[in-house]
Protein chains: 2
Amino acid sequence: MRLVVAECTVTYEGRLTARLERARRLLMVKADGCVAIHADGGAYKPLNWMNAPNTLVETDEGWRVSNQKGEVLLIEIHDVDSDTNVELGVDPGLQKDGVESHLQELLAEQPGALETGLQLIRREYPTDIGPVDLLCRDADGTTVAVEIKRRGEIDGVEQLTRYLEFLNAQPDLAPVRGVLAAQLIKPQAKVLAGTREIGCVELDYDRLRGLERPQQKLF
Amino acid sequence: MRLVVAECTVTYEGRLTARLERARRLLMVKADGCVAIHADGGAYKPLNWMNAPNTLVETDEGWRVSNQKGEVLLIEIHDVDSDTNVELGVDPGLQKDGVESHLQELLAEQPGALETGLQLIRREYPTDIGPVDLLCRDADGTTVAVEIKRRGEIDGVEQLTRYLEFLNAQPDLAPVRGVLAAQLIKPQAKVLAGTREIGCVELDYDRLRGLERPQQKLF
DNA sequence: GTGTATATCTCGGGG
DNA sequence: CCCCGAGGTATACAC
């Protein structure tokens with residue numbers, strides 16, 4: 001990783017046009033080739049950047065970074081304060097837990113946690129307009145489409161509504177009802193779901209994890 | 001801005017649980033207090049971070065960064081390679097052009113560019129479910145709700161559909177029809193718009209800018 | 001590659 | 001403060 005502290009003026013032309021007036025900033029070039037221009041604030045996001053893959057051309061005046069899509073980042077460098085290289089090596093990477101995919105795994109194993117008697121037909125059930133998180137059959141034999149979110153909001157209800165329209169157009173599945181499952185469902189989403197006769201289930205993530213490994217509960 | 005290169009092991013507990021195994025990384029602390037942990041790849045995004053405002057406590061073992069929401073970033077520091085401070089000062093900031101707000105300004109001034117005879121009633125017309133970009137009246141006196149996007153996709157059609165449902169429930173406005181305006185409208189969005197009788201208009205941004213300042217065209 | 005959905009999204013505006 | 005919508009969103013994943 002190369003770190004340069006310099007007085008610079010920057011222009012970006014691409015998906016929009018943007019300009020940074022002259023100031024002292026940190027330029028970061030990572031091993032993958034991406035370039036980021038950081039100021040001393042504004043959270044972790046750089047003021048301006050160019051992702052890899054790109055081409056960096058260095059001249060006396062500064063850097064010209066461009067890519068195949070026609071985007072150009074011009075960094076005019078007036079004065080260099082420092083220019084250092086840091087060897088970091090390959091990173092083992094971030095391990096995450098608690099995201100939607102894990103919720104989906106847990107519920108695929110335990111559909112009964114959503115509703116007594118619910119049984120899984122298929123996870124990621126494919127349709128022409130995208131995959132349905134879980135397709136299930138309830139105790140009465142009715143098909144149920146389940147949409148899983150970390151937070152249940154209006155767009156989740158919209159998404160499930162599109163799936164239900166599509167699934168109900170298939171005579172072998174119809175009638176299909178919908179259930180929105182999330183750790184937290186916002187009031188607006190509950191209201192919208194109610195007007196469309198979509199069920200709402202709020203989940204306890206830690207409890208689901210416990211259900212997944214019941215033997216752990218015995219000790 | 002403080003830049004530390006160090007061998008570290010990191011855990012984050014908050015909106016999710018995440019862990020970074022031991023490796024050499026760049027730790028960045030900006031003047032606003034935000035902390036970012038960068039590897040030598042993965043675009044400009046850090047592997048892990050904590051935004052301001054937060055509290056950083058430094059001990060012999062490493063850093064403990066926490067905030068009021070109960071999120072905690074623990075950085076165990078095994079070995080410090082370098083630890084430097086860089087003075088950058090306040091940044092004049094990024095100036096942008098070409099985004100949706102500018103399209104909205106241009107169309108608010110030139111509703112006729114969308115459709116002959118169209119007149120603006122109000123920009124950012126407020127409803128209980130969010131503001132309608134442009135509310136207009138057409139040559140026949142019918143109310144028209146306009147949703148403006150840089151790129152017209154399915155979610156833009158959904159958003160406009162919600163507004164139309166809401167507006168058509170108001171007797172003083174109904175009937176209201178919808179128009180989706182964007183620089184580029186994707187085929188799927190056009191199809192969905194068609195099934196809901198929503199109009200689609202593709203815009204030429206440069207031409208709109210020209211219309212805004214017609215005197216520039218004379219020279 | 002396109003299409004679809006997610007994200008510790010981030011960021012800003014308005015009530 | 002939350003809610004809502006935009007983003008050069010970026011990123012992953014399926015088709």
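All values below were derived from every heavy atom in this structure, side-chain atoms included, with hydrogens, water molecules and symmetry-related copies excluded. In what follows, chains are A, B, ... by sequence order, proteins preceding strands, each numbered from 1. It should be emphasised that the depicted structure is a prediction, and the values quoted were computed from it without experimental measurement.
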A:Thr161 meets the side-chain contact (heavy atoms from CB on, under 4.5 Å) criterion, sequence neighbours left out, with A:Val157, A:Glu165, A:Arg196, A:Ile198

d(CG, A:Leu74; C1', D:dG8) in whole Å | 16 Å

Considering only C:dT6, D:dG8, C:dT8, which nucleotide approaches the side chain of B:Asn48 most closely?
-> C:dT8

Could you give the CG-to-C1' distance, from B:Asp155 to C:dT6, as a whole number of Å?
-> 13 Å

With rounding to the nearest 0.5 Å, note down the distance linking NE2 in A:His78 to CD in A:Glu61.
-> 10.5 Å

Rounding to a whole Å, what distance do you find between B:Leu20:CG and C:dT8:C1'?
-> 13 Å

For every nucleotide of nucleotides 9-15 of chain C, 5' to 3': is a protein heavy atom under 4.0 Å from its base (B), only from its sugar-phosphate (S), or from neither (-)?
-> SSS----

Excluding sequence neighbours, so at least two apart, what forms side-chain contact (heavy atoms from CB on, under 4.5 Å) with A:Ala31?
-> B:Asp40

A:Leu16 has an atom CG; how far is it from atom P of D:dG7, in whole Å?
-> 9 Å

side-chain hydrogen bond (donor to acceptor under 3.5 Å, both in side chains) partners for B:Glu202, two or more places apart | none

Whole-Å distance, A:Gln95 CD to D:dA12 P, equals 15 Å

Polar-atom pairs under 3.5 Å, protein N or O versus N or O of nucleotides 1-4 of chain C: list them with distances, or write none.
{"residue": "C:dG3", "atom": "O5'", "partner": "B:Gln188", "partner atom": "NE2", "Å": "3.1"}
{"residue": "C:dT4", "atom": "OP2", "partner": "B:Gln188", "partner atom": "NE2", "Å": "2.9"}

Taking the C1' atom of each, how far is D:dA6 from D:dA10, in whole Å?
-> 14 Å

B:Lys45: side-chain contact (heavy atoms from CB on, under 4.5 Å) partners, not counting sequence neighbours = A:Tyr44, B:Trp49

Who pairs with A:Arg24 by salt bridge (Lys or Arg N to Asp or Glu O under 4.0 Å), at least two apart in sequence or on another chain?
-> A:Glu7, A:Asp79, A:Asp81

Rounded to whole Å, the CG-C1' distance (A:Leu94 to D:dT11) equals 13 Å

For atom CZ of A:Arg64, is the number of surrounding heavy atoms from other residues, nucleotides or ligands below 6.0 Å larger than 12?
-> no

Using the P atoms only, state how far D:dT11 lies from C:dC11, rounded to an integer number of Å.
-> 15 Å

Separation between the P atoms of C:dT8 and C:dT4, rounded to whole Å | 23 Å

Residues in salt bridge (Lys or Arg N to Asp or Glu O under 4.0 Å) with A:Arg122, at least two apart?
-> none

With heavy atoms under 4.0 Å as the rule, sort B:Glu147 into base, sugar-phosphate or nothing.
-> sugar-phosphate

Rounded to whole angstrom units, what separation is found between the CZ atom of B:Phe166 and the P atom of D:dC4?
-> 12 Å

Test side-chain hydrogen bond (donor to acceptor under 3.5 Å, both in side chains) applied to B:Asp204 - qualifying residues, sequence neighbours left out = none

Nearest-Å distance, CG (B:Leu103) to C1' (D:dA6)?
-> 12 Å

